[in-house]
Trainee: 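One structure is given below, represented as structure tokens, and several questions about it will come after.
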Amino acid sequence: MSRHHRQISHVIRRSVPVALVLALAAQPGIALAQDAQAAASTAPAADETPMQDIVVVGTAGGGSRRQDAAFAVTTVDAKAIAQLAPASTAEVLRLVPGVSTESSGGQNGANIFVRGYPSGGDAEYVTIESQGVPIFPPPTLSFLENSQLIRIDETLKRVEAVRGGTGALFSSGQPGLTINFVQREGTQDFGGLLKLSGTTFGELRADGYVSGPLGKDTTFMVGGYYAAGHGLRDPQFTAEKGGQITANIHHDFDRGSLTVYGRYLNDHGQWLLTAPVVQNGDKISAYPGFDARKDTLAGNETRLGVLNDGTRVDLADGRGANIVNLGGNFD
């Protein structure tokens with residue numbers, strides 16, 4: 001793999017020379033956002049790279065500041081994500097200009113639309129990446145858009161988005177929107193975080209991470225979350241449950257770095273659609289006894305069922321993902 005063959009746009013700290021990036025994962029890809037010096041920094045903040053220092057690089061020796069790029073580059077740090085408090089992974093994309101999301105089905109199965117690209121649903125022109133590698137190469141299958149294959153938690157350092165322009169180079173020929181989730185990495189200072197939270201609709205959640213040194217030039221980070229509850233619309237049983245754990249080890253060489261990482265996601269939630277309504281010609285009105293703003297068709301009476309092939313179904317199992325991602329980046 002030659003330098004010229006793989007020298008495509010990626011985001012780096014200004015002081016780091018442009019390097020060949022090899023993404024060692026199930027699906028080859030290029031690191032959209034890598035900070036080769038992050039592990040050596042002693043700053044504990046999640047946003048270690050000042051926004052004005054992010055440079056979009058196209059060719060060796062070239063590049064321009066993020067603000068001066070001729071295409072849309074958006075960087076969302078952990079602080080901005082916390083302030084937004086997205087109910088699903090897809091909702092963080094509401095901070096990306098030219099992108100709209102519709103997540104009325106819950107934390108899974110959102111519709112993501114990119115300005116200028118016609119779509120009837122799912123996320124046809126959106127690729128979701130972790131550490132610069134597509135989590136699942138096809139942008140969407142029926143009711144499987146890629147944002148439901150990763151969750152937002154305290155192990156996330158920032159989210160980066162490239163819309164249009166050179167975005168097709170970042171992923172599997174994606175012309176619309178490429179989103180990269182950049183993991184937090186450890187520093188030479190040992191530290192961590194534990195956070196407990198609850199909601200007015202009864203969900204309890206624990207988030208946390210721990211990071212620190214494994215040696216002079218080696219650091220680690222491990223963290224994740226677990227949550228359980230009935231969900232925003234109470235179906236009379238625990239419909240939202242599961243968690244995610246992410247870990248990585250980063251090592252700095254004299255000229256370069258190596259990061260290996262893994263993530264296990266097993267999280268399921270209630271599928272909130274559809275809601276019954278009454279249609280009379282071109283007029284839509286509420287279905288008697290059903291409030292489309294807060295009610296759900298799921299309940300103890302409808303929880304258990306049998307499909308035509310004899311398979312038993314329990315709606316408490318929810319809809320979600322059980323997936324393992326392993327990979328690495330070599331700069």
Side-chain angles (χ1 to χ4, degrees), residues 25-26 33 35 38-39 44-48 76-92 106-108 110 128-136 146-160 179-187 189-199 202-214 218-229 231 238-250 259-270 317-329:
D35 182 359
D47 181 21
E48 298 178 21
V76 184
D77 60 25
K79 182 179 179 180
I81 295 173
Q83 292 174 340
L84 177 66
S88 67
T89 302
E91 287 190 359
V92 76
Q107 62 177 329
N108 299 298
I128 304 292
E129 298 185 345
S130 176
Q131 301 297 99
V133 180
I135 295 176
F136 186 61
N146 289 348
S147 75
Q148 61 190 286
L149 302 182
I150 187 173
R151 298 288 191 267
I152 292 176
D153 58 23
E154 292 297 329
T155 65
L156 185 64
K157 178 180 178 182
R158 63 179 181 266
V159 176
E160 294 169 338
I179 302 292
N180 186 35
F181 290 82
V182 181
Q183 299 174 17
R184 183 191 300 271
E185 294 178 356
T187 69
D189 291 331
F190 185 85
L193 172 107
L194 176 62
K195 183 173 67 175
L196 303 177
S197 59
T199 66
E203 180 182 272
L204 298 177
R205 173 168 170 147
D207 284 84
Y209 77 90
V210 61
S211 65
L214 291 177
T218 307
T219 60
F220 79 96
M221 188 284 300
V222 58
Y225 79 93
Y226 185 84
T238 301
E240 310 275 343
K241 59 182 180 295
Q244 176 178 263
I245 183 169
T246 304
N248 63 54
I249 296 177
H250 180 92
T259 303
V260 293
Y261 60 87
R263 176 187 295 107
Y264 173 55
L265 169 66
N266 189 349
D267 196 354
H268 300 78
Q270 182 185 180
D317 292 337
R319 183 174 183 273
N322 188 342
I323 185 173
V324 175
N325 289 117
L326 302 173
N329 296 105

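Count residues from 1 along the sequence. Values in this document were obtained by computation on a predicted structure and should not be read as measured data.
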Trainee: Donor-acceptor check, side chain of Q131 to backbone of Q183, threshold 3.5 angstrom: yes or no?
Mentor: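 Yes, the answer is positive, given that a donor and an acceptor are paired below the 3.5 Å cut-off.
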
Trainee: Could you tell me whether the side chains of R184 and S211 share a donor-acceptor contact shorter than 3.5 Å?
Mentor: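 There is no such pair (donor and acceptor under 3.5 Å, judged by atom type) between the side chains of R184 and S211.
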
Trainee: Test your reading of the model: is there a side-chain donor-acceptor pair from D207 to the backbone of K195, 3.5 Å cut-off?
Mentor: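 The answer is no, because no donor-acceptor pair under 3.5 Å joins these two groups.
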
Trainee: Does the E129 side chain pair with the main chain of I179, one donor and one acceptor, at a distance under 3.5 Å?
Mentor: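 Absent.
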
Trainee: Check for a donor-acceptor pair, side chain of N180 on one end and backbone N or O of I128 on the other, with a separation under 3.5 Å.
Mentor: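 A pair under 3.5 Å: no.
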
Trainee: Got a second to check how far R263's CZ is from L149's CG, nearest 0.5 Å?
Mentor: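 Between atom CZ of R263 and atom CG of L149 there are 10.5 Å.
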
Trainee: Look up atom CZ in R151 and atom CG in L156, then write down how far apart they are to the nearest 0.5 Å.
Mentor: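 With rounding to 0.5 Å, CZ (R151) is 13.5 Å from CG (L156).
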
Trainee: Using distance alone, with no hydrogens and no angle criterion, decide if H250 and T219 have a side-chain donor and acceptor under 3.5 Å apart.
Mentor: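 There is no such pair between these side chains.
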
Trainee: Between I150 and Q244, does the side-chain contact (heavy atoms from CB on, under 4.5 Å) criterion hold? Intermediate values first, please.
Mentor: CA-CA 8 Å; I150 187 173; Q244 176 178 263; 4.1 Å; yes

Trainee: Can you give me the closest heavy-atom contact between P134 and G132, atom names plus distance?
Mentor: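 Distance-wise, the nearest heavy atoms are CD-O, 4.1 Å.
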
Trainee: Run the salt bridge (charged side-chain N to carboxylate O under 4.0 Å, His left out) test against E91 and tell me which residues pass, sequence neighbours left out.
Mentor: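 Counting only residues at least two positions away or on another chain, E91 forms a salt bridge (charged side-chain N to carboxylate O under 4.0 Å, His left out) with R94.
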
Trainee: Any chance you could measure N325, atom CG, to F181, atom CZ, to the nearest 0.5 Å?
Mentor: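 Interatomic distance, N325 CG to F181 CZ, rounded to 0.5 Å: 12.0 Å.
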
Trainee: Side chains of V210 and F220, heavy atoms from C-beta outward: is any pair under 4.5 Å?
Mentor: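 When only atoms from C-beta onward are counted, F220 and V210 do touch, with a gap below 4.5 Å.
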
Trainee: Take V260 and N248, measure what side-chain contact (heavy atoms from CB on, under 4.5 Å) needs, and give me the verdict at the end.
Mentor: CA-CA 6 Å; V260 293; N248 63 54; over 6 Å; no

Trainee: Does any part of the side chain of T259, heavy atoms only, come nearer than 4.5 Å to the side chain of I249, both counted from C-beta?
Mentor: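 I249 does not reach T259 side chain to side chain.
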
Trainee: For the pair K157 and E185, find out whether any cationic side-chain nitrogen is under 4.0 Å from an anionic carboxylate oxygen.
Mentor: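 No.
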
Trainee: Output the distance between atom OH (Y225) and atom CG (L196), rounded to the nearest 0.5 Å.
Mentor: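 CG of L196 is found 15.5 Å from OH of Y225.
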
Trainee: For the residue pair S88 and G106, what are the closest heavy atoms and their distance?
Mentor: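 Result for this residue pair: CB-O, 4.2 Å.
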
Trainee: Could you walk me through whether I152 and V92 satisfy the side-chain contact (heavy atoms from CB on, under 4.5 Å) test, starting with their C-alpha distance in whole Å, then the side-chain angles of each, then the deciding distance to 0.1 Å, before giving a yes or no?
Mentor: CA-CA 9 Å; I152 292 176; V92 76; 3.7 Å; yes

Trainee: Strictly by modelled atom types, are T155 and D153 linked by a side-chain donor-acceptor pair under 3.5 Å?
Mentor: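 There is such a pair (donor and acceptor under 3.5 Å, judged by atom type) between the side chains of T155 and D153.
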
Trainee: What residues, two or more places apart in sequence or in another chain, satisfy side chain to side chain donor-acceptor pair (under 3.5 Å) together with Y226?
Mentor: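 Applying side chain to side chain donor-acceptor pair (under 3.5 Å) to Y226 gives none.
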
Trainee: Check step by step if side-chain contact (heavy atoms from CB on, under 4.5 Å) holds for T246 and V222.
Mentor: CA-CA 6 Å; T246 304; V222 58; over 6 Å; no

Trainee: Looking at every non-hydrogen atom in both residues, tell me the closest pair between A80 and D77 and how far apart they are.
Mentor: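 Here A80 and D77 meet closest at N-OD1, 2.8 Å.
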
Trainee: Look up atom CD1 in I245 and atom OH in Y264, then write down how far apart they are to the nearest 0.5 Å.
Mentor: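 If we round to the nearest 0.5 Å, I245:CD1 and Y264:OH are 10.5 Å apart.
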
Trainee: When you compare the side chain of H268 with that of E240, does any pair of heavy atoms fall below 4.5 Å?
Mentor: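 No, every pair of side-chain atoms sits at 4.5 Å or beyond.
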
Trainee: Rounded to the nearest 0.5 Å, what's the gap from CD on E203 to NZ on K241? Could you check?
Mentor: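 That separation rounds to 12.5 Å.
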
